[in-house]
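Heads up, the thing below is written out as structure tokens.
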Amino acid sequence: MNLNLISPDVVSGKKTLVRVDFNVPIEDGKVKDDTRIRESLPTILNLLEQKCRIAIISHLGRPKGKPDPAFSLAPVARELELSLRKLYPALENVRFVGDCIGESVESAVKEQRENEVLLLENTRFYAGEEENDEDFAKKLASPFDIFISDAFGSLHRAHASTVGVTKFLPSYAGLLVEKEVQALSRLTDKIERPYTVLIGGKKIADKLPVLENLIGRADVVLVGGATANTFSKAMGNSMGKSVFDAEMLSTAKELIDEYRRSTTTLVLPADFTVTDDFKQVRLLANRKPSEIRASEIAGDIGDVTRTLYAQYIRTSSTIFWNGPLGAFETSPFEKGSQEVANALASNPKAFSVAGGGETLEMLNKLGLSSIFTHVSTGGGASLEFIAGKTLPGLVPLLAS
């Protein structure tokens, strides 16, 4: 996949609109997790070194198409300035602009000093953002010379700030998008085998396209989390009070049958760690799916399953992991994910990718991010990419 990439001959000295993913958690006016900010820094630094005048846009949360102070990017401006100044001492400042279109933006761009970065307000304060409204996209683009797309996690959405703006400005992929595409392409093209995929998390509906696409592509698919509960329920097990998706039971059963007819092995938990109360964990037992009692809740993959999954991971050459294998937020239900991750750490020659918001949260909590070759910033985007879907925001960045 050939991308239009940033280079001195196309970006030097230009008024540059940069789309990043600063959809970060904020509590009491402070950024709780700056991972997405840190991931954007290489592109911003590159543009500063090319003497670009940079204005950054992003969405944050779901303000429903109108201004909402709870979703303002103002706290992000402070965090970005602190992070940038450590790497680029010549930084003048990060100036927050309380809008993303209109006179205030145009004035800020005209007044912008060298080594000053502008951070514009939340694009979702306008309904035209999610509607990919052409007039709104044109207003976003009007003060600038070029557009850099570096929000890989948003490229599966055809919004004004990811797709619409590319109609009005020469458009290029940022360094993060380039890195993501290079890494994820190793999961779709010229795969080094054996190729093992771990699918966990809560919503099987979100995993469905990639589960279907992996048939005949992956060698082994290991399932955990509430996604495994749905598959186990579809096979006729009661699963007690465990969380599962009742609307997806017939689909899960069809998928099981499709995998049986294919060359890809679908592996479901042989046992679960169960409790009767997540808030006060008193009962803790290991059960086969057929033995889970009516009062019990599956919180994690069980002992036998952990050992089996770890064996697959130790002997794999390519690994993709999306979704925790248990309710990692509550001890001891992080044990399954922890033990399988330990197996991955003991297989350093494997090419390994983690993706998805829940997955990143789990890895950060358990301190496991560093064991992966690549940790993707895209949840839905990374899933859709390896499922072979076209990402609308990636299309305008492809070299002709």
Side-chain angles (χ1 to χ4, degrees), residues 1-6 17-21 23 36 39 43 57-59 123-124 128-134 136-137 140-141 146-191 195 197 199 201 203-218 221 251 255 258 264 318 320-323 353-357 359 374-400:
M1 184 177 291
N2 295 319
L3 298 170
N4 287 320
L5 302 175
I6 54 178
L17 181 65
V18 186
R19 175 55 157 102
V20 299
D21 185 359
N23 186 28
R36 287 174 173 163
E39 290 288 348
T43 293
I57 54 171
S58 177
H59 74 283
T123 55
R124 287 189 180 175
E129 161 70 327
E130 294 187 79
E131 294 169 357
N132 194 16
D133 177 75
E134 186 168 310
F136 177 67
L140 282 174
I146 60 173
F147 174 66
I148 308 296
S149 178
D150 210 34
F152 180 80
S154 298
L155 293 188
H156 60 310
R157 300 187 178 103
H159 290 175
S161 66
T162 58
V163 174
V165 72
T166 65
K167 296 179 181 179
F168 303 102
L169 292 172
S171 302
Y172 303 89
L175 300 179
L176 176 59
V177 168
E178 179 185 6
K179 181 175 77 169
E180 291 274 14
V181 169
Q182 287 178 347
L184 294 175
S185 292
R186 291 182 63 176
L187 303 177
T188 60
D189 186 34
K190 297 180 180 178
I191 302 165
Y195 174 27
V197 178
I199 296 291
K203 297 181 179 179
I204 189 174
D206 292 347
K207 322 289 181 180
L208 183 60
V210 73
L211 282 166
E212 291 179 335
N213 182 263
L214 288 168
I215 296 174
R217 295 195 179 193
V221 177
T251 303
L255 269 174
E258 287 183 48
T264 302
T318 302
F320 176 64
W321 188 336
N322 182 278
V353 175
T359 317
H374 177 71
V375 177
S376 178
T377 58
S382 61
L383 279 176
E384 292 193 15
F385 188 97
I386 71 165
K389 289 193 171 185
T390 299
L391 305 188
L394 195 58
V395 173
L397 309 178
L398 298 177
S400 56

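No experiment lies behind these values; they were computed from the predicted model shown. All residue numbers refer to positions in the sequence shown, counting from 1.
- Inter-residue side-chain proximity for Leu211 and Val221 is flagged as met; some heavy-atom pair is nearer than 4.5 Å.
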Let's go through Tyr172 and Val177 carefully: what are the C-alpha distance in whole Å and the side-chain angles of both, what is the deciding distance for side-chain contact (heavy atoms from CB on, under 4.5 Å) to 0.1 Å, and is it a yes or a no? CA-CA 10 Å; Tyr172 303 89; Val177 168; over 6 Å; no

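- With Ser171 as the partner, the side-chain contact (heavy atoms from CB on, under 4.5 Å) test is satisfied by one option alone out of Ile148, Leu17, Thr166: Thr166.
- With a 4.5 Å cut-off on side-chain heavy atoms, Val210 and Asn322 do not count as touching.
- Of all heavy-atom pairs between Tyr195 and Arg217, the closest is CD2-O, 3.9 Å.
- Looking at heavy atoms from C-beta onward, Asn4 lies out of side-chain contact with Leu397 at the 4.5 angstrom threshold.
- Shortest non-hydrogen contact noted between Ala205 and Pro209 is O-CD, 3.8 Å.
- With hydrogens and angles ignored, the 3.5 Å screen pairs no side-chain donor or acceptor of Asp133 with any backbone N or O of Gly128.
- For the pair Thr264 (side chain) and Gly216 (backbone), a donor-acceptor distance under 3.5 Å is present.
- In this structure, CD1 on Ile199 lies 6.0 Å from NZ on Lys207, to the nearest 0.5 angstrom.
- Residues meeting the side chain to side chain contact (heavy atoms under 4.5 Å, CB included) test with Val163, sequence neighbours left out: Asn132, Ala158, Pro392.
- Side-chain contact between Ile6 and Leu175 is present, with at least one heavy-atom pair separated by less than 4.5 Å.
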Apply the test side-chain contact (heavy atoms from CB on, under 4.5 Å) to residues Leu176 and Val20: give CA-CA distance (whole Å), side-chain angles for both, the deciding distance (0.1 Å), then the verdict. CA-CA 9 Å; Leu176 176 59; Val20 299; over 6 Å; no

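- With values rounded to the nearest 0.5 angstrom, Glu178 atom CD is found 12.5 Å from Ser149 atom OG.
- The distance from the CG atom of Leu394 to the CZ atom of Phe385 is 6.5 Å, given to the nearest 0.5 Å.
- A donor-acceptor pair under 3.5 Å is absent between the side-chain atoms of Ser376 and the main chain of Ala354, judged by distance alone.
- No side-chain heavy atom of His159 sits less than 4.5 Å from a side-chain heavy atom of Ser154.
- Summarising the geometry of Phe168 relative to Ala141, their closest heavy-atom pair is CB-CB, 3.8 Å, with the distance given to 0.1 Å.
- At least one side-chain heavy atom of Leu3 sits less than 4.5 Å from a side-chain heavy atom of Leu398.
- For the pair His374 and Gln182, the minimum side-chain heavy-atom distance is 4.5 Å or more.
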Go through Leu140 and Phe147 one step at a time and tell me if the side-chain contact (heavy atoms from CB on, under 4.5 Å) criterion holds. CA-CA 10 Å; Leu140 282 174; Phe147 174 66; over 6 Å; no

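- Residue Asp150 holds its CG atom at 9.5 Å from NZ of Lys179, rounded to the nearest 0.5 Å.
- In this structure, a donor-acceptor pair under 3.5 Å is absent between the side chains of Glu180 and Ser382.
- Pairing each heavy atom of Ala160 with each of Phe136, the nearest pair is CB-CD2, 3.5 Å.
- At a threshold of 4.5 Å between non-hydrogen side-chain atoms, the residues Leu255 and Glu212 count as touching.
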Report the C-alpha separation of Val395 and Thr390 in whole Å, then their side-chain angles, then the decisive distance to 0.1 Å, and conclude whether the side-chain contact (heavy atoms from CB on, under 4.5 Å) test is met. CA-CA 8 Å; Val395 173; Thr390 299; 3.4 Å; yes

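- A donor-acceptor contact closer than 3.5 angstrom links the side chains of Ser161 and Arg19.
- Atom CD of Glu258 sits about 10.0 Å away from atom OG1 of Thr251, to the nearest 0.5 Å.
- The distance from the CG atom of Asp21 to the OG1 atom of Thr162 is 11.0 Å, given to the nearest 0.5 Å.
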